[in-house]
Student: 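Next up is a structure, given as structure tokens.
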Number of protein chains: 2
Amino acid sequence: MTLAEENYIKAIYHLGFNGTETVNTNAIAEAMNTKASSVTDMIKKLSEKNFVDYKKYQGVTLTDDGRFIAVNMIRKHRLWEVFLVEKLNFNWDEVHEVAEHLEHIKSKKLINQLDKFLGYPTHDPHGEPIPDASGQIKKMDKILLSEALENSSCICVGVQDSSVEFLQYLDKNNIALGATLKVLQIEPFDNSVTIKINEKELVVSNVIAKNLYVKVQ
Amino acid sequence: MTLAEENYIKAIYHLGFNGTETVNTNAIAEAMNTKASSVTDMIKKLSEKNFVDYKKYQGVTLTDDGRFIAVNMIRKHRLWEVFLVEKLNFNWDEVHEVAEHLEHIKSKKLINQLDKFLGYPTHDPHGEPIPDASGQIKKMDKILLSEALENSSCICVGVQDSSVEFLQYLDKNNIALGATLKVLQIEPFDNSVTIKINEKELVVSNVIAKNLYVKVQ
DNA sequence: TTTAAAATTTAGACAAATCTAAAAATATGT
DNA sequence: ACATATTTTTAGATTTGTCTAAATTTTAAA
């Protein structure tokens, strides 16, 4: 299992809605910043090794083996992110890049001891669930802020977009995971949302509201 | 800077007595489990990039740049080893392999925060000194147990051979870094050493004594 | 339903890191 | 000092992951 193979498998997992749907060549090429022809080559290799099911011109889906590898990498990625934030004082907008590298370290003992050391966290710093050692993912019944009803009370539980820019926007406006917010008003014209958070009123655009997950209380 | 390049630089550093002496092709080939011809190829590349000084048939020495890279990798390697032992309950004979991978992760913030998190340790679990952020290495005036005089009192401070086998021998005999020992007798015939450690007498062969560093008190 | 556009694959090439086998340079022993 | 052994380098090939350009297949539109 090479680094490149692992990265392709991970991309296919994410693009295929957690390994459930077929992914096409161009989508992979764009996600991995490479050319479609390179993707075809790699897909053939992954198919030979039985990590993906592939029929020419029809896109790929992960096999059980492929999905297992993907989930394991995601487990590692998210545990390392927790480590960076909780133990090494990284901000949530700085962890992704480093975790991209750490996720490739292969040592069962390392990752299971890290899990224990961190107190078996269930979610990463962006609210994404952490698969357990057997690959099981518990998912939360979160909704997007844009889907919340007027007057509902919610807790911020995650982000859809975890880009540096969006995370820094949230920091700037004091929106952190775990914070309680109330939906005061939804403007019908542009779907912007007025919320009350940290005892203050704040108007966020629909773009923002579509990228923030909340749990209704 | 590729993974292979980094590993060659590290090997040259270690083989050349911490980057001070010239190293020959065959020595590198053996250390890296590769062929002399591959080494020549890589040396040319490292020479082009100015990490080593190289004249055909005359072996290589690290440049200042090369040495800086080597020391930095060693800093990372040893800090990760401390992390694994102190925080993740690894035994000192299990850390090397994992640290070989972790040492390649490139993030200044990661390594400096790790250093801080660990309380700025000065030595790794095998007693090797950890270079500081500027690359400075403080060295200890340790000697081999085989060089200690009869009746001297010492503290175990490090190992020369850090193979799994040797470390497990030490574990089995309850010899840990930090332990106090007294040299009771040196047998002139085979240079075996009788020591008193943990209130017990123990005879160790000259082979053992040549692989254990002590500090005379 | 035929044709144009888009997506995908193939063919052929390249860089990195390695190898084997052969050639060249250096070192060694008497 | 010189023949031989050892070490090192070169030449040519291979594998992995990538690329460009051309060919093929699928999709979409008129």
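We name chains A, B, ... by the order of the sequence lines, and we start the count at 1 in each one. Owing to the predicted nature of the structure, the values given are computational and were not obtained by experimental measurement.
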Student: Ignoring the backbone of B:Thr25, work out which of D:dT24, C:dC19, D:dT8 is nearest its side chain.
Tutor: D:dT8
Student: Mapping A:Gln58 and A:Tyr8 onto DNA chain D by nearest heavy atom, which one lands closer to the 5' end?
Tutor: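 Looking at DNA chain D, the more 5' nearest nucleotide goes with A:Tyr8.
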Student: Can you check the A:Lys55 NZ to D:dT26 C1' distance for me, whole Å?
Tutor: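 After rounding, the reported distance stands at 16 Å.
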Student: Tell me the interatomic distance from A:Asp41, atom CG, to C:dT8, atom C1', rounded to whole angstroms.
Tutor: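 Interatomic distance, CG of A:Asp41 to C1' of C:dT8: 12 Å.
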Student: Taking only the side-chain heavy atoms of A:Ala4 (C-beta and beyond), determine which of D:dT18, C:dT9, D:dT10 contains the nearest atom.
Tutor: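 My answer, after comparing the listed nucleotides, is D:dT18.
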Student: So, does A:Thr2 get its side chain near the phosphate of D:dT16, meaning an N or O under 4.0 Å from OP1 or OP2?
Tutor: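 Looking at the OP1 and OP2 atoms of D:dT16, neither is under 4.0 Å from any side-chain N or O of A:Thr2.
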Student: Could you give the CD1-to-C1' distance, from B:Ile28 to D:dT8, as a whole number of Å?
Tutor: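 Nearest whole value for this atom pair: 11 Å.
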Student: Nearest-Å distance, OH (A:Tyr57) to C1' (C:dT9)?
Tutor: 4 Å
Student: Ring centres of A:Phe51 and A:Phe68 under 6.0 Å apart?
Tutor: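 No, they do not, as the ring centres are separated by 6.0 Å or more.
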Student: Taking atom types as modelled, is there a side-chain donor on B:Thr63 or B:Asp65 under 3.5 Å from an acceptor on the other?
Tutor: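 Result is no, nothing qualifies.
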Student: Kindly say if B:Lys44 contacts the phosphate of D:dT10, meaning a side-chain N or O under 4.0 Å from OP1 or OP2.
Tutor: yes
Student: In whole angstrom, what separates B:Ile43's CD1 from D:dT7's C1'?
Tutor: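 After rounding, the gap between these two atoms is 12 Å.
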Student: Roughly how many Å is it from CE in B:Met1 to P in C:dA16, rounded to a whole number?
Tutor: 12 Å
Student: Which whole-number value in Å describes the distance from B:Lys35 NZ to C:dA22 P?
Tutor: 15 Å
Student: Can you check whether any acceptor in the base of C:dT20 is under 3.5 Å from a donor in the side chain of B:Ser37, or vice versa?
Tutor: yes
Student: Test A:Val98 against A:Trp80 for side chain to side chain contact (heavy atoms under 4.5 Å, CB included), laying out the working first.
Tutor: CA-CA 9 Å; A:Val98 181; A:Trp80 280 117; over 6 Å; no
Student: May I have the distance from B:Lys56 (atom NZ) to C:dA24 (atom P), rounded to whole angstrom?
Tutor: 11 Å
Student: Indicate yes or no for a side-chain donor-acceptor contact from A:Thr34 to the backbone of A:Glu30 under 3.5 Å, with no hydrogens or angles considered.
Tutor: no
Student: Decide whether B:Glu128 and B:His123 meet the rule of one side-chain donor and one side-chain acceptor closer than 3.5 Å.
Tutor: no
